[in-house]
Amino acid sequence: MYIGVSTLNKVKSGEPLVMKADKVFGEVALYTVGGRFVGYVAHEQPEGCVSAFDVKRRIGENRIICKSAVCFEGMLIVSTDSRVLDGVRYERCEVEGYGILCPTACRVQ
């Protein structure tokens, strides 16, 4: 699964990262393994990424180990295989002629 993160500090591709809930700001934060703050899960996710709402809803007190996949200026896409997010499955479907990603459980036949 992929998750988009708005970054404040630079990270190299392939670097291991830790994602956890930040109770003070009510967001999900991303840190390096050494504890340096990287950024917060973006409210607007690129197509194909897990939504910020699903990440917030499922993470709870857990920590997720991630790996930085793609680095942009101010944006980072991380990958994870964490079972914490396993309940979220997406597939491509067409809505009014546009291809979008829909959760499989919510798909309308």
Inset, instruction - Check whether any side-chain heavy atom of Val28 lies under 4.5 Å from a side-chain heavy atom of Lys20, and answer yes or no. - result: no
Legend entry - Check: Ile65 and Thr80 side chains under 4.5 Å, non-hydrogen atoms: no
Legend entry - Whether Ser68 side chain and Gly14 backbone form a donor-acceptor pair below 3.5 Å: yes
Inset, instruction - Return the set of residues passing side-chain contact (heavy atoms from CB on, under 4.5 Å) with Thr7 (not counting sequence neighbours), or none when no residue passes. - result: Val5, Val38, Leu76
Legend entry - Side-chain donor or acceptor of Gln45 paired with backbone N/O of Ser51 under 3.5 Å: no
Inset, instruction - Over all heavy atoms of both residues, which pair between Ser13 and Cys71 is shortest? Give the atoms and the distance, please. - result: OG-SG, 3.5 Å
Inset, instruction - First locate atom CD1 of Ile64, then atom CG of Asp81, and finally report the distance between them rounded to the nearest 0.5 Å. - result: 11.0 Å
Inset, instruction - Compare every heavy atom of Cys66 with every heavy atom of Leu30, then report the nearest pair and how far apart it is. - result: CD1-SG, 4.4 Å
Legend entry - Interatomic spacing from NE2 in His43 to NZ in Lys56 - rounded to 0.5 Å: 4.5 Å
Legend entry - Verify same cluster id: Met19, Val11 (apolar side-chain graph, 4.5 Å): yes
Legend entry - Residue list, side-chain hydrogen bond (donor to acceptor under 3.5 Å, both in side chains) with Glu96, at least two apart or on another chain: none
Inset, instruction - Under the side-chain contact (heavy atoms from CB on, under 4.5 Å) rule, collect the residues that match up with Tyr2, sequence neighbours excluded. - result: Cys49, Ala69, Ile77, Ser79
Inset, instruction - Working to the nearest 0.5 Å, report the span between CZ of Arg63 and CG of Leu17. - result: 14.0 Å
Legend entry - Those residues that, when tested against Lys12, pass side-chain hydrogen bond (donor to acceptor under 3.5 Å, both in side chains) (two or more places apart): none
Inset, instruction - Under the salt bridge (charged side-chain N to carboxylate O under 4.0 Å, His left out) rule, what do Glu61 and Lys23 come out as? Steps first, then yes or no, please. - result: CA-CA 10 Å; Glu61 295 295 322; Lys23 304 264 185 213; 2.8 Å; yes
Inset, instruction - Kindly write out the residues that satisfy side-chain contact (heavy atoms from CB on, under 4.5 Å) with Ala29, not counting sequence neighbours, or none if the list is empty. - result: Asp22, Tyr31, Phe37, Tyr40
Legend entry - Cluster overlap Val78 with Ile59, hydrophobic side-chain contacts below 4.5 Å: yes
Legend entry - Summary of ring pair (Phe, Tyr, Trp, His ring centres under 6.0 Å) pairs that have at least one residue in residues 5-27, sequence neighbours excluded: none
